Amino acid sequence: LTFFKLILMCSQKIKTPCVGLCSTVFGDLVCRGCKRFHHEIVGWNGYSETDKQAVLWRLEHLLDRVTQGLVDVFDEALLKDQLTRRRIQLRPEHSIYYLAYQVIRRGADTIKRIEDYGIRLAPQIRGMSLVDVRALIDKEFFVLSEMHYQRIQTQARSPARHPVQPRAASRPSPTAE
């Protein structure tokens, strides 16, 4: 992140990323709606703005990875113009693939030609409807979030890779008295 983006992000009050589809109440450790971890949802209101931003950054990064594998943004200016026309908020910290996902998420039911937004679907999904593309992105985003959660839990339970060795008894140096 650039210094300007970091200052901008820190100066904005962060709201919850909840989308109203919380599955953690049914026992999921990763929410199927917002993709946050259970403990993040429970503790959200007690988090500092920096902690909240770290969670949001992780979510956006994972969503970017999924979206980049399924779409190509071939005209960034056209995409941003269409976002402005649809009154979808543009923030400097959002990646172009996050914005592409927002177009798909919000317009899957109404967009006829995704290419009119500067976006092209990957060859393996070109025949799919945008509703199905949105569902696929959401599913892969959830799977990636679960994998991330499992990795973090595994790291927390495993001993350190390089345990600290006990220090040998120190001997006074010959010149020390």
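Only this structure's heavy atoms are used, side chains among them; waters, hydrogens and symmetry mates stay out. One is the number of the first residue; the rest follow in order along the sequence. Bear in mind the structure is a predicted one, so any value in this text is a computation, not a measurement.
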### Residue pairs involving residues 111-122 (criterion salt bridge (charged side-chain N to carboxylate O under 4.0 Å, His left out); sequence neighbours excluded)
Asp72-Arg120, Arg113-Glu115, Arg113-Asp116
### Message
Applying side chain to side chain contact (heavy atoms under 4.5 Å, CB included) to Arg134 and Asp109, what does each step give before you reach the verdict?
### Response
CA-CA 10 Å; Arg134 177 179 62 196; Asp109 296 317; 3.9 Å; yes
### Query
Which heavy atom of Ala122 sits nearest a heavy atom of Gly69, and at what distance?
CB-O, 4.0 Å
### Point-to-point distance, once rounded to the nearest 0.5 Å, from CG of Leu62 to NZ of Lys35
11.0 Å
#### Entry: Between CG on residue Leu79 and CD1 on residue Ile96, distance to nearest 0.5 Å
4.5 Å
### Message
Is there a side chain to side chain contact (heavy atoms under 4.5 Å, CB included) between Val103 and Gln82? Walk through the geometry before answering.
### Response
CA-CA 9 Å; Val103 166; Gln82 290 285 18; 5.7 Å; no
### Query
For the residue pair Tyr101 and Leu63, what are the closest heavy atoms and their distance?
CD2-CD2, 3.5 Å
### Task
Just jot down the salt bridge (Lys or Arg N to Asp or Glu O under 4.0 Å) partners of Asp64, sequence neighbours excluded, or say none.
none
### Query
For Tyr47, what residues pass the ring-ring contact (aromatic ring centres under 6.0 Å, His included) criterion, not counting sequence neighbours?
Trp44
### Message
Working to the nearest 0.5 angstrom, can you tell me the gap between Leu99 CG and Gln89 CD?
### Response
10.5 Å
### Message
Pairing donors with acceptors under 3.5 angstrom, does anything connect the side chains of Arg105 and Gln102?
### Response
yes
## Note on the structure
Applying salt bridge (Lys or Arg N to Asp or Glu O under 4.0 Å) to Asp132 and not counting sequence neighbours gives none
### Message
I'd like to check Asp138 versus Val66 (side-chain heavy atoms, cut-off strictly below 4.5 Å). Are they in contact?
### Response
no
## Note on the structure
Tested for side-chain contact (heavy atoms from CB on, under 4.5 Å) against Val133, the lone hit among Leu136, Val131, Ile137 is Ile137
### Task
Drop me the distance from Thr67's OG1 to Tyr98's OH, to the nearest 0.5 angstrom.
10.5 Å
#### Entry: Interatomic distance, Tyr117 atom OH to Asp81 atom CG [nearest 0.5 angstrom]
10.5 Å
### Message
If I take atom CG from residue Leu83 and atom NE2 from residue His94, how far apart are they, to the nearest 0.5 angstrom?
### Response
11.0 Å
### Query
Between Gly118 and Leu78, which heavy-atom pair has the shortest distance, and what is it?
N-CD2, 3.4 Å
#### Entry: Minimum heavy-atom distance Ile125-Leu70, with the two atoms named
CD1-O, 3.3 Å
### Query
Considering residues, nucleotides and ligands other than Arg106, do more than 12 of their heavy atoms fall under 6.0 Å from its CZ?
yes
### Task
List for me each residue that meets salt bridge (Lys or Arg N to Asp or Glu O under 4.0 Å) alongside Arg58, sequence neighbours excluded, and say none if there are none.
Glu40
### Message
Looking at Ser95, is its backbone amide N or carbonyl O close enough to the side chain of Glu60 to form a donor-acceptor pair, meaning the two atoms are under 3.5 Å apart?
### Response
yes
### Query
By the rule that ILVMFWY residues connect when side-chain heavy atoms come within less than 4.5 angstrom, directly or transitively, which residues belong alongside Val30?
Leu29, Phe37, Phe142, Tyr149, Ile152
